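Down below is the structure, laid out as structure tokens.
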Amino acid sequence: MKSLRILCVHGVGRHPTGGPWEGEWQKSIAEPLQSLDAEVQPEIEFVYMDDIFDQFKISALDVLEAIGKLGWSGATSIFRRPKALGDDIRWSAGMVVQWVENDKLRRLTRDRVTARIKQFDPHLIIAHSLGTLVCYDAFTTPAGQQLVAKRRLVTAGSQIGNPFVVGNFAMGRLSPLPNADFWYHLYNKEDDVFTAEIRLNAPNFVQIETFFDIDGVADHDVTEYMRHGRTVSTVWADAVMALRNQPLARRINIKDKPTKRALLVGINEYADSSQNLEGCVNDAFLMSAMLQESGFAAEDVRLLLNERATCANLVDRLGWLLEGAKAGDTRFFYYSGHGAQLPTYGPDERVDRVQETLVLHDFDWTAGRAFTDDQFHTMYSQLPYELQFVAMFDCCHSAGMTRSGGRRVRGIDPPDDVRHRLLRWDAAREMWVPRQFEQPNPAFDKKFNGANTRTRTASGTGATMVTHRLGQAMDLRRQERSTFKREAKRLGHMGPYLPVLIYASRDDQFSYEYQHGAIAHGAFTYSLVKALRNSRKASNSSNKQPMSFEALVKQVGLELKELQYEQEPTLVAPTSVKKMAVPLKA
């Protein structure tokens with residue numbers, strides 16, 4: 001018989017010693033293992049933490065606040081809400097948030113797991129729900145990095161990737177476990193207990209889609225994860241190979257030659273034909289031509305146009321764009337179409353944020369069909385720092401203003417009920433005035449978006465400034481600067497990844513279309529492509545570097561000003577990156 005030592009770390013809820021849950025876990029692990037190799041004898045032990053959790057009481061108010069923090073922080077609230085907030089889900093939310101915010105509770109659970117690993121010396125560690133956070137916390141300490149060495153970790157039903165957890169516990173960025181033999185993350189999109197995907201670029205990590213949907217429950221059952229066919233073919237198959245002294249073949253190759261990919265979106269035709277534009281599809285083709293002149297292969301440039309440019313399709317194509325992105329690669333995302341400001345509700349069901357959103361073909365002023373940074377940052381925030389990811393937006397996000405005659409504007413006004421969320425009644429003036437919304441991180445916002453972090457006035461009309469700009473991951477940047485620097489240093493990273501962001505205008509301005517004879521384009525896009533082509537020609541003839549991002553945006557801004565377009569392109573990127581050459585060479 002081949003013995004396989006497995007240590008199980010439970011999550012939220014009651015897990016008494018000798019309870020029926022132990023037999024359920026053991027059966028769901030042993031059966032798939034022995035179906036692959038009848039001689040495998042799993043030796044399964046558990047980490048018990050109920051006595052620790054009992055020391056930290058949770059009130060009904062704590063639970064309500066926790067549901068808000070977890071459920072309204074990113075992908076969970078945008079793509080789905082729990083089917084039913086039963087007692088188990090409510091209790092889970094309270095325990096997870098309590099653990100994130102209570103240093104003593106974290107230390108006690110971390111020490112308990114550490115002691116059991118040293119005592120039992122497992123080959124494989126299986127963690128579920130809150131147990132995944134405890135293990136991740138233990139293994140990212142200097143001592144824990146050695147503790148997990150040459151062991152395999154399985155996380156299932158995990159809240160590690162939840163934006164609230166990432167932003168408050170991990171300072172906006174998850175770290176790989178380089179010393180682990182392998183880390184398998186089992187993810188079920190139907191699991192309603194505030195779980196999330198984990199996007200890590202590491203040779204010893206893989207996320208495994210383990211879909212199951214059980215009627216009437218939260219789909220959080222660890223036994224369903226353990227028995228899943230994809231778990232059997234990966235986790236358990238690898239375990240059997242290891243027992244047979246066969247090398248573990250499951251390594252992700254991230255050392256291929258650098259690659260370039262681009263996704264270009266252009267929308268002229270909208271479901272509401274009164275919102276139609278003229279130059280966006282032309283912009284997408286113009287950008288594709290420029291990229292192919294600059295070293296991108298035709299098969300690595302994809303377009304998403306008009307009625308095909310829905311929110312769901314954009315999420316799918318962005319998955320292709322960023323899939324497998326690694327250090328040295330170049331990724332390019334471009335959007336041409338309408339933009340808007342979307343006021344959205346926070347944990348207490350009050351409007352507490354104004355988010356930039358792309359107005360895709362099926363946009364209807366609801367969160368489910370808006371593409372905001374809530375969805376976007378789940379895709380880019382964990383990318384490797386050495387990746388060059390450029391995102392350009394030729395649209396505007398100014399709300400509450402009526403479009404006048406003349407140049408066509410790339411932004412739409414909200415319906416009156418949505419516009420009402422942006423206003424407050426000033427009784428003294430007997431007038432409606434713009435509301436002010438607090439920025440999640442004023443220091444970051446001031447550094448990258450200018451000194452005025454509350455409201456601005458554009459064209460003589462009040463315009464509420466957005467609190468969440470596309471590409472800036474503000475939900476992951478909530479920590480005060482000194483706290484962030486201290487904790488990020490301890491965790492060994494620099495916070496969430498920040499793409500090179502180029503906006504066609506400030507968020508209180510319009511972005512305009514330009515008529516090139518009889519052909520329409522975005523004024524920003526046409527000027528930018530012209531500047532890049534001229535720079536590339538000059539650098540090829542003189543063997544000089546192409547212009548920097550900073551110089552490019554400045555030059556385009558000057559030309560738009562000379563042509564009397566009242567829009568100021570803006571660049572957001574780390575200071576060192578702003579001065580780097582634009583990665584577009586012939």
Side-chain angles (χ1 to χ4, degrees), residues 75 78-79 261-292 296 298-323 331-342 355-380 389-397 399 408-414 469-471 499 501-505 511-514 519-526 528-529:
I78 295 300
F79 295 121
R261 284 185 180 179
L263 174 63
L264 316 176
V265 181
I267 310 175
N268 286 340
E269 299 173 3
Y270 282 89
D272 179 355
S273 60
S274 67
Q275 298 174 355
N276 285 357
L277 293 167
E278 295 181 0
C280 301
V281 172
N282 291 337
D283 285 346
F285 275 88
L286 180 64
M287 293 297 298
S288 179
M290 188 271 297
L291 289 171
Q292 291 183 56
F296 283 70
E299 62 268 22
D300 293 329
V301 180
R302 293 189 180 181
L303 267 61
L304 191 59
L305 307 174
N306 292 331
E307 70 277 359
R308 292 173 59 80
T310 63
C311 187
N313 283 347
L314 176 59
V315 171
D316 177 71
R317 300 303 193 281
L318 281 169
W320 165 82
L321 178 70
L322 299 176
E323 179 185 23
R331 296 291 190 268
F332 189 94
F333 174 57
Y334 170 82
Y335 174 83
S336 177
H338 281 306
Q341 290 185 350
L342 182 67
Q355 305 191 83
E356 285 186 343
T357 178
L358 304 182
V359 179
L360 295 156
H361 181 78
D362 58 344
F363 179 71
D364 63 359
W365 292 99
T366 65
R369 291 185 177 176
F371 187 81
T372 67
D373 199 52
D374 281 345
Q375 297 100 312
F376 197 24
H377 77 60
T378 64
M379 297 182 168
Y380 69 75
F389 177 32
V390 181
M392 291 185 183
F393 304 97
D394 194 344
C395 55
C396 59
H397 296 93
R408 189 179 293 270
V409 172
R410 291 187 167 181
I412 62 173
D413 297 325
R469 297 212 75 180
L470 281 161
L501 301 163
I502 302 177
Y503 307 100
S505 61
S511 296
Y512 294 93
E513 293 211 315
Y514 153 73
I519 302 173
H521 284 285
F524 162 78
T525 296
Y526 192 84
L528 181 135
V529 170

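Every value quoted in this text rests on a predicted model; they were computed, and no experiment measured them.
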Interatomic distance, Leu314 atom CG to Leu304 atom CG [nearest 0.5 angstrom]: 6.5 Å
Would you say the side chain of Phe296 lies within less than 4.5 Å of the side chain of Arg261, judging by non-hydrogen atoms? no
For residues Leu342 and Trp365, determine if any side-chain heavy atom of one lies less than 4.5 Å from a side-chain heavy atom of the other. yes
Any idea how His338 and Tyr270 line up, ring-wise: parallel (<30°), tilted (30 to 60°), or perpendicular (>60°)? tilted
Considering only heavy atoms from C-beta outward, does the side chain of Leu264 approach that of Phe333 to under 4.5 Å? no
Nearest-0.5 Å distance, CG of residue Asp283 to CG of residue Asn268: 8.5 Å
If I compare all heavy atoms of Leu263 with all of Leu321, which pair ends up nearest, and what's the gap? N-CD1, 3.7 Å
Side-chain heavy-atom pair Gln355, Asp374 within 4.5 angstrom cut-off: yes
Under 3.5 Å, is there a donor-acceptor pair linking the side chains of Ser505 and Ser511? yes
With a 4.5 Å heavy-atom cut-off, do Phe332 and Leu291 have their side chains touching? yes
Give the intermediate values and the outcome of ring-ring contact (aromatic ring centres under 6.0 Å, His included) for residues Phe393 and Tyr335. CA-CA 5 Å; Phe393 304 97; Tyr335 174 83; 7.1 Å; no
Do Ser288 and Gln292 have side-chain N/O donor and acceptor atoms under 3.5 Å apart? yes
Separation of Leu286 CG from Met290 CE (nearest 0.5 Å): 7.5 Å
Quick one: OG1 on Thr372 to CD on Gln341, what's the gap to the nearest 0.5 Å? 13.0 Å
Is there a donor in the side chain of Asp394 and an acceptor in the side chain of Thr525, or the other way round, less than 3.5 Å apart? yes
What closest approach, in Å, do Asp373 and Gly471 show between heavy atoms, and which atom pair accounts for it? OD1-N, 2.8 Å
From Met392 CE over to Ile502 CD1, what is the distance, rounded to the nearest 0.5 angstrom? 3.5 Å
Shortest non-hydrogen contact between Ile519 and Asn282, atoms and distance: CG2-ND2, 3.4 Å
Residue pair Thr310 / Asp362, side-chain heavy-atom distance below 4.5 Å: yes
Work out which heavy atom in Glu278 is nearest to a heavy atom in Ala520; give both atom names and the distance. CB-CB, 3.6 Å
Using 30° and 60° as the class boundaries, would you call the ring planes of Tyr380 and Phe389 parallel, tilted or perpendicular? tilted
State, yes or no, whether a side-chain contact exists between Phe371 and Leu318 at a heavy-atom distance under 4.5 Å. yes
Compare all side-chain heavy atoms of Arg308 with those of His361 and state whether any distance is below 4.5 angstrom. no
In chain order, what residues pass the ring pair (Phe, Tyr, Trp, His ring centres under 6.0 Å) check against Tyr526, with sequence neighbours excluded? Tyr514, His516, His521
Does a donor on one side chain sit under 3.5 Å from an acceptor on the other, for Thr378 and Gln375? no
Point-to-point distance, once rounded to the nearest 0.5 Å, from CD1 of Ile267 to OG of Ser336: 8.5 Å
If you take all heavy atoms of Gln275 and Ile412, which pair is closest and at what distance? NE2-CD1, 3.9 Å
Which pair of heavy atoms, one from Leu322 and one from Met379, lies closest together, and at what distance? CD1-O, 3.6 Å
Residue list, salt bridge (charged side-chain N to carboxylate O under 4.0 Å, His left out) with Glu513, at least two apart or on another chain: Arg408, Arg410
